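Take a look at the structure set out below.
Values reported hereafter were calculated over all heavy atoms of this structure, with side chains retained and with hydrogens, waters and symmetry mates removed. Just so it is clear: chains get the letters A, B, ... in the order the sequence lines come, proteins before strands, and each one is counted from 1. Predicted model, so just to flag it, every value in this text is computed and none were measured.
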12 protein chains.
Amino acid sequence: MRILILNGPNLNLLGKREPEIYGAEGFENFLESLRSKSSCAITYFQSNVEGELINALQDAEGRFEGIVFNAGGYTHTSVAIGDAIAAIDVPVIEVHISNVYAREPYRHESKMAKSCVGVISGFGLTSYELAISFFETW
Amino acid sequence: MRILILNGPNLNLLGKREPEIYGAEGFENFLESLRSKSSCAITYFQSNVEGELINALQDAEGRFEGIVFNAGGYTHTSVAIGDAIAAIDVPVIEVHISNVYAREPYRHESKMAKSCVGVISGFGLTSYELAISFFETW
Amino acid sequence: MRILILNGPNLNLLGKREPEIYGAEGFENFLESLRSKSSCAITYFQSNVEGELINALQDAEGRFEGIVFNAGGYTHTSVAIGDAIAAIDVPVIEVHISNVYAREPYRHESKMAKSCVGVISGFGLTSYELAISFFETW
Amino acid sequence: MRILILNGPNLNLLGKREPEIYGAEGFENFLESLRSKSSCAITYFQSNVEGELINALQDAEGRFEGIVFNAGGYTHTSVAIGDAIAAIDVPVIEVHISNVYAREPYRHESKMAKSCVGVISGFGLTSYELAISFFETW
Amino acid sequence: MRILILNGPNLNLLGKREPEIYGAEGFENFLESLRSKSSCAITYFQSNVEGELINALQDAEGRFEGIVFNAGGYTHTSVAIGDAIAAIDVPVIEVHISNVYAREPYRHESKMAKSCVGVISGFGLTSYELAISFFETW
Amino acid sequence: MRILILNGPNLNLLGKREPEIYGAEGFENFLESLRSKSSCAITYFQSNVEGELINALQDAEGRFEGIVFNAGGYTHTSVAIGDAIAAIDVPVIEVHISNVYAREPYRHESKMAKSCVGVISGFGLTSYELAISFFETW
Amino acid sequence: MRILILNGPNLNLLGKREPEIYGAEGFENFLESLRSKSSCAITYFQSNVEGELINALQDAEGRFEGIVFNAGGYTHTSVAIGDAIAAIDVPVIEVHISNVYAREPYRHESKMAKSCVGVISGFGLTSYELAISFFETW
Amino acid sequence: MRILILNGPNLNLLGKREPEIYGAEGFENFLESLRSKSSCAITYFQSNVEGELINALQDAEGRFEGIVFNAGGYTHTSVAIGDAIAAIDVPVIEVHISNVYAREPYRHESKMAKSCVGVISGFGLTSYELAISFFETW
Amino acid sequence: MRILILNGPNLNLLGKREPEIYGAEGFENFLESLRSKSSCAITYFQSNVEGELINALQDAEGRFEGIVFNAGGYTHTSVAIGDAIAAIDVPVIEVHISNVYAREPYRHESKMAKSCVGVISGFGLTSYELAISFFETW
Amino acid sequence: MRILILNGPNLNLLGKREPEIYGAEGFENFLESLRSKSSCAITYFQSNVEGELINALQDAEGRFEGIVFNAGGYTHTSVAIGDAIAAIDVPVIEVHISNVYAREPYRHESKMAKSCVGVISGFGLTSYELAISFFETW
Amino acid sequence: MRILILNGPNLNLLGKREPEIYGAEGFENFLESLRSKSSCAITYFQSNVEGELINALQDAEGRFEGIVFNAGGYTHTSVAIGDAIAAIDVPVIEVHISNVYAREPYRHESKMAKSCVGVISGFGLTSYELAISFFETW
Amino acid sequence: MRILILNGPNLNLLGKREPEIYGAEGFENFLESLRSKSSCAITYFQSNVEGELINALQDAEGRFEGIVFNAGGYTHTSVAIGDAIAAIDVPVIEVHISNVYAREPYRHESKMAKSCVGVISGFGLTSYELAISFFETW
């Protein structure tokens with residue numbers, strides 16, 4: 001099973017950025033341990049550019065069976081990303097490292113959740129792991 | 001590890017109620033297979049009464065290491081349940097069978113999420129399973 | 001034809017509570033005269049507990065052909081009761097003794113109306129009678 | 001007892017217009033059967049013009065003991081119709097064929113309900129019949 | 001003078017729950033010292049179930065001259081409790097241990113305050129004491 | 001100076017309709033005394049039909065130097081009447097018999113005021129008189 | 001192909017009313033040149049009365065293949081006109097002379113657009129021409 | 001008849017401040033001509049201080065038969081001024097020089113209008129004159 | 001213990017102003033009986049001027065151990081008073097004579113409550129007495 | 001005449017993406033037939049990146065006489081695109097394939113429409129054609 | 001160049017009030033060092049009274065070339081102060097010591113900013129200095 | 001001291017775009033004179049692409065001691081840019097050329113201000129200069 005992990009803006013700073021919210025582990029380390037544990041072929045892409053994330057979603061068609069997507073700050077503002085998810089056939093799971101419902105009200109709204117399979121929020125990097133384990137058993 | 005699965009109003013109808021939204025499997029069947037797969041000791045309680053769910057949360061202190069809670073329709077209206085979760089030390093995960101963000105707007109709001117560890121929504125009965133697997137690896 | 005009349009919180013006070021709004025007749029008296037006039041078998045249940053009303057709705061399946069439901073103050077707040085009505089196959093009619101649209105704005109909204117056959121509001125105890133006469137001719 | 005049935009905009013299309021919402025029976029047929037069943041003298045008036053409906057309400061004074069009024073789309077927007085109902089002494093019942101609470105949110109609000117005796121919504125053409133039976137027993 | 005102290009959801013946890021908000025004293029201790037100081041006969045009832053609180057309010061008629069009511073989380077959501085207070089003749093004072101106006105915005109609104117004599121909020125357990133001293137001098 | 005007094009829906013009922021709000025004097029009587037006092041040539045037109053009021057506004061061009069307009073319930077809802085006032089060159093004064101700001105909130109908003117010279121509200125029938133006296137001294 | 005051009009309130013003033021917004025050309029002139037250019041049989045009707053516009057929509061059934069409708073100020077307020085468009089089978093295009101989105105916020109909302117084929121706004125009288133050219137090529 | 005004209009903040013700048021909105025005439029000049037025309041004894045007081053305006057309202061009791069009050073910017077924000085008007089027995093008329101409904105939305109709301117006899121807005125300094133002529137004929 | 005009672009706008013009219021809301025007793029009388037009952041040294045200051053109330057709050061530092069503050073209409077609008085309370089170290093209790101939650105919605109909000117110890121509302125002049133008794137036992 | 005057709009996010013998927021909303025024809029095909037019919041020189045650019053669309057708008061100055069712009073999901077969220085349109089002298093027409101007013105409420109608002117000549121929405125790919133025919137006759 | 005520094009409510013407490021927000025330096029000290037550095041003649045005035053601040057603004061005409069104004073809590077509520085700034089010809093700069101956009105939402109809105117030259121917020125006492133340096137180079 | 005000036009969308013058009021709002025001077029000219037006056041090493045970067053601005057913010061870490069950031073239209077919509085500012089340690093000052101509070105309401109809100117040191121708005125290009133002078137004296 002081929003999985004794309006897609007990370008949006010500022011998630012390249014993981015481990016360095018606000019560790020009290022996002023934890024101290026870098027994403028590269030985590031990815032390595034994730035790959036060693038999982039039977040899936042995991043591809044990783046990160047971009048700060050909204051349109052490049054849309055490109056990545058569109059390009060996933062036929063190349064992946066599932067997408068685990070943390071759209072960061074674009075989650076709450078991007079109609080265009082929501083449209084892209086609705087436009088493709090690959091199932092997408094929205095994930096968040098922090099519990100977005102325990103933060104500012106504008107982080108409670110998602111412009112993309114309704115086009116996703118589901119949402120996993122608040123479990124640190126394990127949020128990604130739970131999403132992948134769902135794809136594995138689907 | 002001792003886990004309490006707590007189900008709120010109308011979830012006793014699972015398998016019978018609106019199967020296009022909630023699926024055709026009854027909760028008893030699912031619970032059985034869950035127990036056979038998991039290393040946790042899983043206790044199950046369901047009630048349609050808001051106050052009995054609060055009682056169950058309060059009684060969990062010292063008896064469980066984690067609670068997987070689908071509060072059904074009370075998720076969106078009950079300040080009292082949210083207060084109960086904040087008042088106890090046992091960690092709670094909010095789960096939903098359907099993707100609540102793809103349904104009516106009043107189901108997008110949760111009065112309890114901010115006091116939970118996190119939220120898992122939209123994966124059918126697997127939502128419960130993912131929550132338990134998080135507790136197992138915590 | 002078997003009909004369940006279901007009354008929510010404070011409707012046990014009828015005849016005593018704010019007679020300028022709800023009238024001076026007790027519900028027991030009214031029920032007697034209703035039964036004598038109607039060809040339906042009428043069962044009556046009242047509770048102040050939201051969850052017991054949900055239990056009553058769920059238990060109605062297979063035992064009644066129609067439910068006449070005055071949910072009182074829960075009408076305007078209970079997503080869980082609305083969900084219960086949507087979950088069962090017995091048709092439900094929402095009734096109110098007073099004209100809720102001539103009262104406080106928060107009484108204009110109903111969380112259950114969309115899952116009911118229809119709404120009858122403002123005709124005193126006759127609201128129940130009209131609902132039953134609809135079931136009789138359905 | 002003299003009753004005026006007053007129908008607002010587009011209700012002259014009944015039986016032709018969106019039958020999945022409004023049913024397949026024309027109003028003329030229904031009126032005939034209604035008259036044969038009822039002991040009331042029933043007068044019928046329909047207009048697409050808001051001001052003519054106001055004229056009809058004002059002219060009812062002294063000529064009718066009750067009005068059954070389906071104001072169609074004007075229900076949700078016309079302060080002037082609400083004022084006319086408040087200005088006359090003839091009691092008015094607001095009726096709707098479809099369950100307006102199960103439709104778009106802007107159909108949930110009524111500018112006239114607070115000046116009516118009550119509201120009956122969602123019982124097809126039987127809504128009119130229930131309203132008349134209330135007047136008969138008043 | 002007979003007084004009922006009525007406590008809503010989670011107030012049975014007092015002394016254990018979030019002591020930085022609610023203080024470290026249990027309610028039983030406090031009640032004892034309150035009784036020793038006051039000339040009133042004080043009865044105490046606590047429940048997590050909304051409908052049981054409504055039952056208690058209804059049963060107070062003729063048995064108490066005043067009610068001191070901390071409805072906890074139901075304060076902000078329960079139309080049914082507000083209706084019960086309006087339906088009975090016993091005067092009710094709404095009390096809160098914490099200053100609800102210094103907490104989340106949804107705790108600023110009360111669905112019951114308008115039917116109470118008044119509101120006392122923010123004085124710790126002394127809020128109850130002040131309410132009783134008002135009844136004593138009324 | 002030629003003045004048009006334009007009255008909207010339900011103002012033909014003046015003297016009969018809700019005298020505690022609108023007073024007990026009919027408009028015909030008032031008009032007579034107004035004409036006897038004023039140096040203006042006063043024409044009077046009333047209609048319950050929104051479009052006929054728009055017709056009257058359009059026809060005023062070149063025939064009147066001023067319009068005193070009580071649009072009744074259309075004041076608060078009619079963009080089309082506001083557009084008509086903006087489209088003509090004859091100055092219009094909005095008048096109300098009752099103090100609309102002391103009534104329901106939806107009567108506080110005017111869709112036409114911004115295109116009028118000004119607003120006079122709350123002086124009974126004298127509101128019309130003050131408007132005419134403004135035109136006389138303009 | 002038979003086309004009905006339907007114009008709502010104040011559009012009879014075109015060429016005279018606020019030329020900086022609506023242009024200096026009268027509608028009669030424009031209609032003439034439109035007819036000379038188009039292969040369609042174009043019928044024209046204007047009314048300031050909301051109900052007469054509804055009448056015209058209902059009467060179009062079987063007599064026209066398309067309607068080009070500028071409802072003026074009723075666009076933003078009339079649920080009844082929106083209902084009439086939904087009730088008939090003739091396709092309707094909503095047109096505006098000015099760019100309504102560059103004007104007051106209350107002109108941005110249309111109560112009828114959702115029941116139309118589409119909307120053309122801001123091209124002066126050419127808006128009508130574009131609508132007709134769409135019908136010609138449909 | 002003794003009348004108090006009360007002017008709020010910035011109205012001492014009349015004739016100097018934004019003449020395109022407020023006109024070029026100073027208030028002193030106007031007052032002189034007003035006194036010469038009117039049979040009333042007119043007292044004038046202006047202050048930029050909210051509390052001094054409240055003092056003036058309270059002191060008017062027994063000294064004036066009517067108050068003409070332009071509260072300027074306090075009109076839209078001062079609950080305390082509205083309370084003062086409600087607290088005294090002298091009738092108050094709210095006046096504005098400019099048409100406040102043709103200006104910013106926050107100027108459309110008045111915190112004092114509901115406690116006044118009525119409102120006169122948009123007639124330049126003549127607004128004061130109309131208010132006085134109402135008191136003269138009351 | 002030195003206590004400052006601070007009264008805001010229109011509270012100097014107590015006993016004269018709207019007695020059905022505020023009672024018939026003047027504040028001077030009440031103050032006398034309060035002083036005779038209390039062990040505190042009670043200083044009283046009233047002003048209609050928002051800024052003088054702020055001055056009084058600032059001057060209280062070091063001169064009083066507690067402030068009982070009825071800010072009247074400024075309660076609901078004054079950020080500056082709220083800031084003053086937050087800026088000083090003397091504890092402040094917000095009191096109201098009437099039950100503000102049973103009055104207009106704009107009286108339900110307080111701009112100062114969050115910086116006070118607590119709120120006592122609805123007990124007539126006894127509200128002040130309860131506040132002082134709290135300071136005595138603090 | 002030189003025209004730029006500018007397409008925003010996900011419009012590169014046309015023909016593949018949700019054909020029930022956007023139709024089954026690819027944009028390349030359509031473009032070919034458009035060019036063959038039109039006397040204009042038509043340049044086409046598509047990007048999923050908001051900033052590249054802004055670049056394209058800025059670069060159009062002096063190179064095109066008109067822009068036909070379907071900004072897709074950015075229509076409803078991008079202040080920056082709206083600013084770019086306001087900043088350039090080339091006239092822009094906003095087009096949509098689907099009738100955005102018949103879809104989700106957040107698609108009814110446009111952040112760019114007020115700076116465009118006008119809007120054409122709902123005519124499938126013909127929306128582009130109508131826009132170009134407007135430029136041709138301008 | 002003559003500059004007026006105008007400080008609103010509670011700013012006389014600077015150095016004493018909430019030093020974690022407003023810093024520990026008193027305004028007198030700061031003023032001294034400011035005067036020694038600047039080529040401008042700097043006058044300072046502080047008041048807690050809204051109307052006195054308006055007086056000061058009005059009196060500045062002809063006496064100052066610029067005003068640096070920290071209106072404190074009145075910034076967010078005072079239409080009257082905003083009107084005074086609009087009424088005078090002396091340019092005003094709004095300054096804040098703390099970053100108001102990082103504080104409560106009601107501090108994000110300014111009723112005066114639109115009539116000022118600009119806003120400087122968040123630089124401690126240096127905010128005043130930056131404002132003066134702008135006037136020096138204007 | 002090393003300073004990064006970061007300009008967002010459309011600011012490359014400065015001097016050409018809407019000079020009545022943004023002035024007639026190009027940014028290059030201004031930058032030159034700024035560098036000649038300042039002791040700081042000033043680097044300049046502009047992009048229309050939201051993600052490239054985020055890249056620039058992230059890359060600033062360790063290379064600059066301060067950032068002066070005019071995010072243009074993204075100021076009001078970009079959660080992702082706000083997150084990037086919060087994620088880095090370099091202090092950022094938000095600047096605007098025009099007084100955004102005197103423009104459309106949607107320009108009054110900033111998604112990034114709360115994570116900045118402060119905001120300077122309305123001083124033309126001098127806004128940048130003031131920001132730099134703050135960094136110089138910090």
Run D/K111 and F/H76 through side chain to side chain contact (heavy atoms under 4.5 Å, CB included) and show every step you take. CA-CA 12 Å; D/K111 290 271 193 297; F/H76 320 297; over 6 Å; no
Within a reach of under 6.0 Å around CD of D/E20, are more than 12 heavy atoms found that belong to other residues, nucleotides or ligands? yes
Closest non-hydrogen atoms of F/P9 and D/I54, given as atom of the first, atom of the second and distance, are CB-CD1, 4.0 Å
Flag the pair D/D83 and F/R107 as a salt bridge only when some basic side-chain nitrogen lies within less than 4.0 angstrom of an acidic carboxylate oxygen. yes
Sub-4.5 Å side-chain heavy-atom contact between F/K16 and D/Q58: no
Minimum heavy-atom separation for D/E52 to F/V49, with atom names? N-CG2, 4.3 Å
Mark yes or no for whether F/N10, through its side chain, and D/A87, through its backbone, hold a donor-acceptor pair below 3.5 Å. no
Considering non-hydrogen atoms only, spot the tightest contact between F/Y74 and D/A80 and give its length. CE2-CB, 3.7 Å
If you measure from CG on F/N12 to CG on D/N55, what distance do you get to the nearest 0.5 Å? 7.5 Å
